[in-house]
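Written below as structure tokens is the structure these notes are about.
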Amino acid sequence: MFFDLIVVGGGAAGFFSAITSAETSDKSVLILEKTSQLLQKVKISGGGRCNVTHACFEPRELSGHYPRGQKSLIGPFNRFGASDTVDWFSARGVRLKTEDDGRMFPESNTSDTIVKALLGAAGAAGVKINTNEGVTSIAKDGDVFQLTTDTGLSYTARKVLLATGGTRSSSGAMLAASFGHELLPATPSLFTFNIDDQRLDDLAGVSVPDAEVRIHASKLKSHGPVLITHWGLSGPGILKISAWGARELAEREYRFEITVNWLPNHDPAAALSAKRQSEGKRQLWSRSPFDEIPKRLWLSLLAAAAVAESTTWAELGKKQSNALVGQLANCRFTVDGKSTNKAEFVTCGGVARDEINFQTMESKLVEGLYFAGEMIDVDGVTGGFNFQNAWTNGFLAGTDIAGR
Ligand SMILES: Cc1cc2nc3c(=O)[nH]c(=O)nc-3n(C[C@H](O)[C@H](O)[C@H](O)COP(=O)(O)OP(=O)(O)OC[C@H]3O[C@@H](n4cnc5c(N)ncnc54)[C@H](O)[C@@H]3O)c2cc1C
């Protein structure tokens with residue numbers, strides 16, 4: 001069977017490439033998906049709501065959210081950025097809404113809307129889709145590619161696009177390697193920190209809206225909401241630093257020291273001294289003096305600073321005050337391991353960026369071979385950036401293939 005384009009992988013990037021190519025040309029397009037489920041990650045993404053993109057409409061600023069791929073993506077985002085994603089879905093009847101933190105979801109609040117839109121667009125454009133058919137080998141034969149699948153069938157295609165997802169356990173990585181492409185080691189990104197520390201005991205669910213996290217013996221630092229979990233620390237502030245440090249922290253086998261400043265926008269020493277003047281008779285344990293620090297965390301930090309329950313602000317001595325400032329602004333923890341973030345995770349690593357032409361997503365090694373999505377050594381922080389990369393890659397590849 002012959003197709004102008006065969007897309008390997010029925011995920012976000014594969015669908016977007018196939019739809020773009022089929023909608024803008026009369027080329028025949030086939031998607032081969034090895035599992036029984038199409039767009040499976042879109043379905044489970046964003047806790048079932050699908051964080052489609054991020055309200056960040058300036059290409060250079062948008063590309064700043066990608067620990068790997070930052071420079072390579074500036075050009076692509078100029079051609080298909082977050083506003084194009086919004087328009088693309090809107091033109092197909094899906095309106096997106098923006099949450100306070102910039103994440104964009106379908107107004108319906110369910111990923112089904114996105115899955116339906118993609119399936120509908122693919123159907124309307126005449127894209128053929130085979131599930132339960134994994135590609136096992138691809139070879140170039142003159143101007144065309146010969147593909148073999150695990151069903152024993154063979155296909156011929158003028159162009160092939162690999163969109164097989166993260167390369168940790170993907171057979172797609174083997175396909176890319178079979179053409180001589182370099183694969184950077186697959187390493188988890190967007191993970192949470194395991195910390196066994198008395199100060200966090202019984203505080204699961206407590207969060208601080210804007211903390212600063214620093215990793216010792218490293219330049220890594222991030223800002224953002226931090227959430228205390230049963231295992232340690234999570235939330236965007238932690239996920240962000242895990243992404244930027246994905247390789248470095250893997251090399252350190254996920255054992256390192258961090259410092260959390262729970263109040264990066266305050267001068268805690270000055271705030272404590274003001275309290276001594278204004279609320280001298282009040283006991284420190286009665287309430288948290290900072291809106292950002294929930295009472296349960298405040299009590300835990302007071303205990304860690306050895307401030308007795310009955311102490312009033314007037315009685316707070318210099319030593320205790322210093323210890324408390326340390327807990328508030330310089331709170332050290334030992335990280336011993338990582339956990340998977342359930343809302344979103346990606347793989348850092350994949351096909352080397354310098355072997356791909358980011359204007360077209362075509363391989364620089366093999367004419368007619370294209371890449372899109374997570375199988376490339378590009379990954380973003382949490383917030384809709386990983387899907388945006390998939391849409392952008394898919395659009396560029398699909399457009400180039402349609403135009404040839
Ligand atoms: C739980 C979770 C939640 C997430 N939530 C979000 C979110 O809200 N927002 C966001 O931006 N990102 C999110 N992400 C990340 C995002 O899902 C991925 O970055 C994105 O799905 C990558 O798309 P892709 O098409 O490149 O790969 P995938 O979606 O992984 O699709 C690849 C497809 O290729 C198929 N395949 C593999 N090998 C073969 C083969 N040899 N032959 C045929 N088919 C093959 C696979 O079965 C799969 O269906 C989330 C990730 C997870 C795990």
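First listed ligand is number 1; within each ligand, the first listed atom is number 1.
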Protein contact to [atom] [nearest heavy atom, distance to 0.1 Å]:
atom	value
atom 3 (C) of ligand 1	Ala343 O, 2.8 Å
atom 31 (O) of ligand 1	Gly11 CA, 3.5 Å
atom 14 (N) of ligand 1	Glu344 CG, 3.5 Å
atom 29 (O) of ligand 1	Lys41 CB, 3.8 Å
atom 42 (N) of ligand 1	Val135 N, 3.0 Å
atom 39 (C) of ligand 1	Thr164 CG2, 3.6 Å
atom 23 (O) of ligand 1	Ala12 CB, 4.1 Å
atom 15 (C) of ligand 1	Val346 CG1, 3.7 Å

For ligand 1, which atoms have a heavy atom of [X] less than 4.0 angstrom away?
X	answer
Val8	40 (C), 42 (N), 43 (C)
Phe385	11 (O)
Thr35	47 (O)
Gly373	26 (O)
Gly384	9 (N), 10 (C), 11 (O)
Ile44	1 (C)
Leu32	43 (C), 44 (N)

* Mind checking whether Gly134 has an N or O less than 3.5 Å away from an N or O of ligand 1? ->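 Such a contact does not occur with ligand 1.
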
* Electrostatic pair Glu367:Lys140 at N-O distance under 4.0 angstrom ->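 Between Lys140 and Glu367 there is no salt bridge, as every charged N stays at least 4.0 Å from the carboxylate O atoms.
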
Would you indicate whether [X], at its atom [atom1], is surrounded by more than 12 heavy atoms from other residues, nucleotides or ligands within a distance under 6.0 Å?
X	atom1	value
Arg60	CZ	no
Glu107	CD	yes
Asp87	CG	yes
Asp202	CG	no
Lys71	NZ	no

* Just checking, any donor-acceptor pair under 3.5 angstrom between side chains of Ser273 and Gln277? ->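 Checked: Ser273/Gln277 side chains show no N/O donor-acceptor pair below 3.5 Å.
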
When you measure from [atom] to each heavy atom in [options], which option holds the nearest one?
atom	options	result
atom 22 (C) of ligand 1	Glu133, Met375, His54, Glu374	Glu374
atom 36 (N) of ligand 1	Arg103, Lys34, Gln388	Lys34
atom 5 (N) of ligand 1	Ala390, Gly166, Gly46, Gly165	Gly46
atom 9 (N) of ligand 1	Asn51, Asn389, Thr167	Asn51
atom 10 (C) of ligand 1	Phe345, Trp391, Phe387, Phe15	Phe387
atom 24 (P) of ligand 1	Cys50, Gly9, Ser45, Ala13	Ala13
atom 40 (C) of ligand 1	Ser171, Ala173, Ala163	Ser171

* For residues 5-31, which residue pairs qualify under salt bridge (Lys or Arg N to Asp or Glu O under 4.0 Å), counting only residues two or more places apart or in two chains? ->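 Checked against salt bridge (Lys or Arg N to Asp or Glu O under 4.0 Å) - neighbours excluded - the pairs reaching residues 5-31 are Glu23-Arg92.
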
* **Asp210 side chain near Asn265 side chain, heavy-atom distance below 4.5 Å** =>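 With C-beta onward as the side chain, the pair touches.
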
* **ligand 1 contacted by Glu33 (non-hydrogen, < 4.0 Å)** =>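 Per 4.0 Å heavy-atom rule, Glu33 contacts ligand 1.
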
* Pairs satisfying ring pair (Phe, Tyr, Trp, His ring centres under 6.0 Å), at least one member in residues 5-44, at least two apart ->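 Every ring pair (Phe, Tyr, Trp, His ring centres under 6.0 Å) pair that includes a residue of residues 5-44, provided the two are not neighbours, is Phe16-Phe80, Phe16-Trp88, Phe16-Trp391.
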
* To do: Give me the ring orientation class for Phe77 and Tyr66: parallel if the planes are under 30° apart, tilted from 30 to 60°, perpendicular past 60°.
  =>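 Phe77 vs Tyr66 ring planes: tilted.
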
* To do: Check the angle between the aromatic planes of Phe3 and Tyr155 and answer parallel, tilted or perpendicular using the 30° and 60° thresholds.
  =>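 Plane angle between 30° and 60°, so tilted.
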
* Criterion salt bridge (charged side-chain N to carboxylate O under 4.0 Å, His left out) on Asp143 and Arg158, from CA distance to verdict -> CA-CA 7 Å; Asp143 279 352; Arg158 218 182 291 283; over 6 Å; no

* Asked: Ring centroid separation for Phe193 and Phe333, is it under 6.0 angstrom?
  ->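 Ring-ring flag for Phe193/Phe333: false, centres at least 6.0 Å apart.
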
